[in-house]
2 protein chains.
Amino acid sequence: MRSSEHGALTKNQELVYDALTDAKGPLSAYAILDGLREHGIRAPLQVYRALDKLLEFGLVHRLESLNSFVACSHPECDSRETMVFTICEKCGKVSELADKAIAGQLQSLADLDHFALKAATVELRGFCQACQTASTQ
Amino acid sequence: MRSSEHGALTKNQELVYDALTDAKGPLSAYAILDGLREHGIRAPLQVYRALDKLLEFGLVHRLESLNSFVACSHPECDSRETMVFTICEKCGKVSELADKAIAGQLQSLADLDHFALKAATVELRGFCQACQTASTQ
DNA sequence: ACGCATCTGTTATACAATAACATCGATTGC
DNA sequence: GCAATCGATGTTATTGTATAACAGATGCGT
Ligand SMILES: [Zn+2]
Ligand SMILES: [Zn+2]
Ligand SMILES: [Zn+2]
Ligand SMILES: [Zn+2]
């Protein structure tokens, strides 16, 4: 049971987390809602509250440019760390990458600007390898 | 007249662009709408259509994590270039920074993943210099 | 004039997120 | 046991963000 892996996920938190891990791709809150109606989830708030906690636990990331959420695919991912997401504009595939160099560069840039950096959103748009070879576009 | 500066902005495009340049901060589409009702703008689509064009022209940037828009403060900013935005979570101040090193690092990371990079969203959250010195938090 | 593209105006709708309030259940302290 | 408390839940209503669909207007090249 997944809750034992992460301490104490509540029923709704686990439903939402399982929906995201099963999805193999980003899901909007309302897509999650639709997928869980048969499990007793009936209102957006039930999903958003669970997502808030999962984000807090670092089990889930929010993709700002898609208004969607993904399960963290980087088991050791410290939420404090800066993650980089690639988003394929053709097939929708999302990859989560960790890169210490970029995190450091962003910190340096923030320092130059005397900006106290708390969190960073880095989302790359383009075409994944499969979609490049599949077409000449 | 601003339209002469940028070729051929239409009336609505110029209204929206002027609203953003006057604002000295990010505005949501509906905030723009409210500010332009007296100028004949009555529906969200009028704003969104103008914003789409301004984004295409590179005159405006979208802040994904705020669902808001800012006029480009970087006159020579090539829209192809990767821009970095700092967003103060206390006062809302937004700064637009250009950093070739980060753009290069992101390109390298994309290359490693065989990802054809088209555009990058980089948004840093934290506290601006003024808000740091103003409080101990 | 005609075809075509672009911009425009309007209504209605879909999608995303939060507010407000009542309830339930487990835990703590007496 | 029992009140107090805290976190999670359920529900309704509302706000905020963005697009669909359709019609009309404008400009331009032929
Ligand atoms: Zn992660
Ligand atoms: Zn792809
Ligand atoms: Zn710019
Ligand atoms: Zn500030």
Side-chain angles (χ1 to χ4, degrees), chain A residues 1-3 6-20 23 25-57 59-70 87 89 92 121 123 125, chain B residues 1-3 6-20 23 25-57 59-70 87 89 92 121 123 125:
Chain A
M1 187 178 228
R2 277 209 184 81
S3 60
H6 303 107
L9 290 189
T10 68
K11 176 168 138 281
N12 287 1
Q13 287 161 17
E14 184 147 348
L15 282 171
V16 170
Y17 183 62
D18 287 355
L20 284 173
L27 291 180
S28 73
Y30 279 69
I32 295 170
L33 172 59
D34 287 340
L36 293 179
R37 286 194 193 280
E38 300 178 358
H39 293 76
I41 301 294
R42 255 164 284 183
L45 253 196
Q46 296 175 281
V47 175
Y48 281 109
R49 286 199 278 228
L51 284 170
D52 284 345
K53 283 298 177 184
L54 292 171
L55 288 166
E56 183 184 323
F57 299 157
L59 295 175
V60 162
H61 299 287
R62 175 184 165 80
L63 296 170
E64 301 287 350
S65 60
L66 295 178
N67 289 337
S68 295
F69 304 83
V70 286
I87 302 170
E89 295 191 325
T121 294
E123 299 178 11
R125 325 229 12 156
Chain B
M1 187 176 230
R2 278 211 182 82
S3 59
H6 302 109
L9 289 188
T10 67
K11 175 168 140 284
N12 286 2
Q13 286 161 16
E14 184 145 348
L15 283 171
V16 170
Y17 183 62
D18 288 356
L20 284 172
L27 292 179
S28 72
Y30 279 71
I32 295 170
L33 172 59
D34 287 340
L36 294 178
R37 286 193 193 280
E38 301 176 358
H39 294 76
I41 302 292
R42 255 164 285 185
L45 254 197
Q46 295 175 281
V47 176
Y48 280 108
R49 287 198 277 229
L51 285 171
D52 284 345
K53 283 297 177 185
L54 293 170
L55 288 167
E56 183 183 322
F57 299 156
L59 294 174
V60 161
H61 299 287
R62 176 182 164 81
L63 296 170
E64 300 288 351
S65 61
L66 295 178
N67 289 335
S68 294
F69 304 84
V70 287
I87 302 170
E89 295 191 325
T121 294
E123 301 178 12
R125 328 238 0 168

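Every chain is numbered from 1, with letters handed out A, B, ... down the list of sequences.
To the nearest 0.5 Å, atom CZ of residue B:Arg62 and atom OG1 of residue B:Thr121 are 9.0 Å apart. With rounding to the nearest 0.5 Å, the separation of CG in A:Leu63 from CD1 in A:Ile87 is 5.0 Å.
The listed nucleotides are D:dT19, C:dA17, D:dT9; the one nearest the side chain of A:Arg49 is D:dT9. Listed nucleotides: C:dT10, C:dA16, D:dA8. Nearest to the side chain of A:Asn67: C:dA16. Considering only the side chain of B:Lys11, C:dT8 comes nearest among D:dA18, C:dA17, C:dT8. With D:dA18, D:dT11, D:dA8 as the candidates, the nucleotide lying closest to the side chain of A:Gln13 is D:dA8. Checking D:dT17, C:dT10, D:dG10 against every side-chain atom of A:Asn12, the shortest atom distance belongs to D:dG10. Closest to the B:Thr10 side chain, of the nucleotides C:dA17, C:dT8, D:dA18, is C:dT8. Residue A:Pro44 places its side chain closer to C:dA17 than to any other of C:dA17, C:dG9, D:dA18. The side chain of B:Tyr30 approaches D:dT17 more closely than any other nucleotide in the set D:dT17, D:dA21, C:dA17. Listed candidates were D:dG10, C:dT18, D:dA21. Nearest to the side chain of B:Leu45 is D:dA21.
B:Tyr30 and B:Pro44 get closest at one heavy-atom pair: OH-CG, 3.4 Å. Residues A:Gln13 and A:Ala8 share a closest heavy-atom pair of OE1-O, 4.1 Å.
Atom C1' of nucleotide D:dT9 and atom CG of A:Leu36 are separated by 15 Å, given to the nearest angstrom. Between the CD atom of A:Gln46 and the P atom of C:dT23 there is a distance of 17 Å, rounded to whole Å. As rounded to whole Å, 12 Å separates atom P of C:dT8 from atom CG of B:Asp52. The CD atom of A:Glu64 sits 12 Å away from the P atom of D:dA18 (whole-angstrom rounding). In this entry the distance linking CZ of A:Arg37 with C1' of D:dG10 reads 14 Å, nearest Å. Across the protein-nucleic acid pair, B:Leu33 atom CG and C:dT8 atom P stand 15 Å apart, rounded to whole Å. Between the CD1 atom of A:Ile41 and the P atom of D:dA8 there is a distance of 14 Å, rounded to whole Å. Between B:Leu66 atom CG and D:dG16 atom C1' the separation is 14 Å, expressed in whole Å.
Proximity of B:Arg42 to the phosphate of C:dG9: no side-chain N or O atom is located under 4.0 Å from OP1 or OP2. Side-chain N/O atoms of A:Arg62 include one lying less than 4.0 angstrom from OP1 or OP2 on C:dA17.
Listed by chain and number, the residues in a side-chain contact (heavy atoms from CB on, under 4.5 Å) with A:Ala31 are A:Leu27, A:Ser28 (sequence neighbours excluded).
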